[in-house]
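A short write-up of the structure that comes next.
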Amino acid sequence: MIGIENVGIYVPNYYISNYDKKDKFEIDDNFIKDKIGVEQVTRKSINEDTSDMCVEAFRHLTTKVDINIEDVECLIVCTQNPDNNGIPHTSSIVHSKLKGKESCACFDISLGCSGYVYSLSIIKSFMEANGMNKGLLFTADPYSKIIDEDDKNTSLLFGDAATVTLLTNSKNSWFPRKFLFATNGKGSGALHNNNGVLEMDGRAVFNFSATVVPLQVNNLLKEIDMKLDDIDLILFHQGSKYIIDTLIRRLKLDKEKVPIELNKHGNTVSSSIPLILEQSITKPINRILMSGFGLGLSWGSCVIEKRKKE
Amino acid sequence: MSKIHEEVIDVITEVVGNLEIKEENLDTELKKLGIDSLETFNVLFELEEKFGITFPEEDVEKLNTINSLAKYINEKLNN
């Protein structure tokens, strides 16, 4: 059975402080720290592309785990801001930069904030169906490519980052137990690319998130006969501090179980969950619930468990 | 103050937290009461759920006081 063995991350060094935008957007320190919860947003360099960010995440992974690229049989990139408008697919470019072997399967997945949960299910199923032992799942969605820095709705929130998750047939891993997925295509206009510029209807995205996520989390737990008390950690997509606080309140969650970590980089789209997962999988805990939601409108949740395979 | 006014105030207090609303504040703009844009989204959302109504986007801008919200909800419920 395929599970998560380790995670590598890359957060660019360059950032824009939201405190420098207080006058421009008529906001105060309280709004920055306690409401959106983003003090600064990271930005990739001009010369850096999506594939370069993936390579940096892989470099970080190699500092944590002994991995030979020759052993990688599957390489997937989840992005909607690929190199060269997606032609060729960014996973192929990453494969070239990492000098992957020819018999390695590569493809991209086009999803936003729900992307990590969906992609995790896809790569696990793909690897198991094809008898593969080692695969890499990258997330890299540099929204700075499509952000209007004068748009209060988006420029204060979105930051750039990349992650890579190593999936293996190892005996000691985090194994996905159950996934749930959903889509509301009619609501897709709430967050979309308008001629190269990201536009967001904040109220519609808030209403969507506050409504569907608690329902899906409860349904997921019901399907696997578990309660919130059985979960050690809940990793929500880091859309904004306010939406996570709202989910905590509506689901009556223990705040200690729900990390909010977007203040130093912002909402990094499909990278937001694995950025926290990277620190979480080494903790003395056994069960993590992950829930991604946003653009699409799309949402997906899953539970992963740490266990020793028999 | 009507029952709907009281329910609107209850929702605002639950969403925003430490906020004292007096009868003379019923026509004060929510922004001037210290309720920011994110909290306004949340107040509207909770009221929609509570009363089973929707606030269309084109009407939201004018629903900026407790009185205007209570009046709007009352009309929706009676139509």
Atom CZ of A/F181 with >12 non-hydrogen neighbours under 6.0 angstrom: yes
Is the number of heavy atoms from other residues, nucleotides or ligands under 6.0 Å of A/D225 CG greater than 12? no
Within residues 62-75 of chain B, which residues come under 4.5 Å of chain A, heavy atom to heavy atom? none
So do A/R249 and B/N42 actually touch side chain to side chain, heavy atoms under 4.5 Å? yes
If I measure from the heavy atoms of chain B, does A/I36 come under 4.5 Å with its side chain, its backbone, both, or neither? both
Should the heavy atoms of other residues, nucleotides or ligands under 6.0 Å from NZ of A/K24 be counted, would the total exceed 12? yes
Checking heavy atoms, do the side chain of A/S240, its backbone, both or neither come under 4.5 Å from chain B? neither
Quick check on B/E57 against chain A: is it the side chain, the backbone, both or neither that has a heavy atom closer than 4.5 Å? both
Please check if atom NZ in A/K21 has more than 12 non-hydrogen atoms from other residues, nucleotides or ligands closer than 6.0 Å. yes
If you round to the nearest 0.5 Å, how far is CD of B/E46 from CZ of A/R250? 5.0 Å
Would you say that more than 12 heavy atoms from the other residues, nucleotides or ligands in this model lie under 6.0 Å from the CG of A/N195, or not? no
Using salt bridge (charged side-chain N to carboxylate O under 4.0 Å, His left out) as the criterion, list what pairs up with B/E20, not counting sequence neighbours. none
Quick one: do A/E26 and B/K31 make a salt bridge, cutoff under 4.0 Å? no
For A/N263, which residues count as a side chain to side chain contact (heavy atoms under 4.5 Å, CB included) partner, sequence neighbours excluded? A/E39
If you measure from OG1 on A/T246 to CZ on B/F45, what distance do you get to the nearest 0.5 Å? 8.5 Å
Nearest heavy-atom contact between A/G202 and B/F41 is C-CE1, 3.6 Å
Listed by residue number, which members of residues 33-40 of chain B have a heavy atom under 4.5 Å from any heavy atom of chain A? B/D36, B/S37, B/L38, B/E39
Verify the neighbour count for atom CG of A/N194: are there more than 12 heavy atoms of other residues, nucleotides or ligands below 6.0 Å? yes
